[in-house]
Student: 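Handing you a structure now.
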Amino acid sequence: SRYERTIAGPIEQVVNNGKKHWGYRKELDTEITVKLLLNSIGFFNIVQNVFLLKEIDPYDFEKVIEIGIDNFLRSLK
């Protein structure tokens with residue numbers, strides 16, 4: 001799919017390379033880990049915008065992305 005080729009696939013390649021060369025955890029399920037990164041940020045955005053929760057409890061979306069990526073990177077080691 002286009003999603004696989006343009007978004008998830010390249011990130012999965014970097015993670016797999018990291019498992020071989022940079023000390024990333026070998027037992028890590030690359031596909032699930034990458035999809036959790038992307039889907040957690042995406043779902044957070046859906047909940048905030050589709051269900052209009054941003055009007056009740058707004059978040060800085062840049063901070064949401066930063067925390068999501070930080071959590072992802074911590075999971076690699």
Side-chain angles (χ1 to χ4, degrees):
S1 73
R2 185 175 204 181
Y3 168 80
E4 294 292 330
R5 286 191 316 272
T6 60
I7 301 172
I11 298 171
E12 288 175 12
Q13 289 174 355
V14 170
V15 171
N16 285 330
N17 190 49
K19 288 165 75 172
K20 292 177 187 171
H21 303 290
W22 304 326
Y24 291 1
R25 293 184 304 123
K26 303 279 186 208
E27 73 278 5
L28 188 76
D29 186 312
T30 302
E31 184 178 358
I32 291 173
T33 302
V34 170
K35 287 190 172 137
L36 279 171
L37 164 69
L38 300 172
N39 293 337
S40 66
I41 294 171
F43 187 70
F44 192 96
N45 188 40
I46 289 169
V47 169
Q48 287 294 295
N49 290 296
V50 173
F51 300 110
L52 303 176
L53 293 180
K54 68 179 178 181
E55 295 174 9
I56 298 168
D57 194 9
Y59 290 92
D60 176 358
F61 199 65
E62 293 296 320
K63 187 172 184 178
V64 170
I65 292 171
E66 181 181 320
I67 291 169
I69 291 171
D70 186 57
N71 289 341
F72 168 74
L73 293 173
R74 289 175 192 269
S75 76
L76 300 176
K77 293 279 186 166

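In this chain, numbering begins with 1 at the start of the sequence shown.
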Student: Do L52 and V47 belong together in a cluster built from hydrophobic side chains that touch within less than 4.5 Å?
Tutor: no
Student: Show the numbers, then the answer: is there a side-chain contact (heavy atoms from CB on, under 4.5 Å) between L28 and V15?
Tutor: CA-CA 9 Å; L28 188 76; V15 171; 3.9 Å; yes
Student: Applying side-chain hydrogen bond (donor to acceptor under 3.5 Å, both in side chains) as the test, list every pair that has at least one member in residues 64-77; sequence neighbours left out.
Tutor: D70-R74
Student: Hydrophobic clusters join Ile, Leu, Val, Met, Phe, Trp and Tyr when side-chain heavy atoms are under 4.5 Å apart, directly or via other members; which others share one with I32?
Tutor: L36
Student: Sequence neighbours left out, what pairs pass side-chain hydrogen bond (donor to acceptor under 3.5 Å, both in side chains) with at least one residue falling in residues 6-16?
Tutor: N16-T30
Student: State which residues pass side chain to side chain contact (heavy atoms under 4.5 Å, CB included) with K63; sequence neighbours excluded, sorted by chain then number.
Tutor: D60, I67
Student: Does any pair with a residue in residues 35-45 pass salt bridge (Lys or Arg N to Asp or Glu O under 4.0 Å), and if so which ones, sequence neighbours excluded?
Tutor: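 Every pair satisfying salt bridge (Lys or Arg N to Asp or Glu O under 4.0 Å) with a residue in residues 35-45: E4-K35, E31-K35.
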Student: Which word best sums up how the rings of F44 and F61 line up, parallel for under 30°, tilted for 30 to 60°, or perpendicular for over 60°?
Tutor: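 Tilted.
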Student: Please evaluate residues F72 and I11 with respect to the criterion side-chain contact (heavy atoms from CB on, under 4.5 Å), reporting the C-alpha separation (whole Å), side-chain torsions for both, the decisive distance (0.1 Å), and the verdict.
Tutor: CA-CA 11 Å; F72 168 74; I11 298 171; 4.1 Å; yes
Student: Holding to salt bridge (charged side-chain N to carboxylate O under 4.0 Å, His left out), I want the full list of residues that pass it with E27, two or more places apart in sequence or in another chain.
Tutor: R25
Student: Could you report the tightest heavy-atom contact between V14 and Y24, atom names first, then the distance?
Tutor: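 For V14 versus Y24, the nearest heavy atoms are O-CE2, 4.4 Å.
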Student: Given N45 and I41, is the side-chain contact (heavy atoms from CB on, under 4.5 Å) satisfied, shown in steps?
Tutor: CA-CA 6 Å; N45 188 40; I41 294 171; 5.7 Å; no
